[in-house]
Amino acid sequence: MKEGNEKEWVKRLMNDMKKLENAHQAKVPQQHELMNVLTEFKNQRKKAWKRELTIFILTALTILATYFVVSLKMPAVFLWVQILAIITIPFIYVAERKRRKGLNEVSDDGF
């Protein structure tokens, strides 16, 4: 009797599995769609890489310039650079925030 119940159970399970497979057929994208998505992703990464490289070079040059100014003991120039940095940081923050909102990505700061 158990064998009959088990066969019936397996038969119903297989029938239900076929129904699930038939109901949820995944759409296979065409090759040109995949190529378009891949090309777009590569272009985005290339732009991001260039932007990151530019920021890195500017940061390195800023650090070297600061070291140069401090080593030559030019406090007036150092103070002016600090004041300009304090003034420009809020503008950079606002611009970056607008850029991130335009990309519709999840932000780290919870806003």
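Counting from 1, the numbers follow the sequence of the chain as shown.
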Chemist: Rounded to the nearest 0.5 Å, how far apart are NZ of K11 and CD of E6?
Modeler: 15.0 Å
Chemist: Restricting to side chain to side chain contact (heavy atoms under 4.5 Å, CB included), what partner residues turn up for I87, sequence neighbours left out?
Modeler: I83, F91
Chemist: Ignoring hydrogens and angles, write down the donor-acceptor pairs under 3.5 Å from the side chains of residues 67-74, residues two or more places apart or on other chains.
Modeler:
| residue | atom | partner | partner atom | Å |
| --- | --- | --- | --- | --- |
| S71 | OG | Y67 | O | 3.1 |
| S71 | OG | F68 | O | 2.9 |

Chemist: Which distance, rounded to the nearest 0.5 Å, do you find between the CG of L20 and the NZ of K18?
Modeler: 13.0 Å
Chemist: May I ask whether I86 and I92 are part of the same hydrophobic cluster, defined by side-chain heavy atoms of I, L, V, M, F, W, Y residues being less than 4.5 angstrom apart, directly or through others?
Modeler: no
Chemist: Enumerate donor-acceptor pairs with a distance under 3.5 Å from any side-chain N or O in residues 43-57 to protein atoms, sequence neighbours excluded.
Modeler:
| residue | atom | partner | partner atom | Å |
| --- | --- | --- | --- | --- |
| N43 | ND2 | T39 | O | 3.4 |
| T54 | OG1 | K50 | O | 2.8 |

Chemist: Given V10, which partner from the list E8, M14, R12 fulfils the side chain to side chain contact (heavy atoms under 4.5 Å, CB included) test?
Modeler: M14
Chemist: Can you tell me if CD on Q31 sees more than 12 non-hydrogen neighbours from other groups inside 6.0 Å?
Modeler: no
Chemist: Pair L13, W9 - check side-chain contact (heavy atoms from CB on, under 4.5 Å), show working.
Modeler: CA-CA 6 Å; L13 177 66; W9 186 82; 4.0 Å; yes
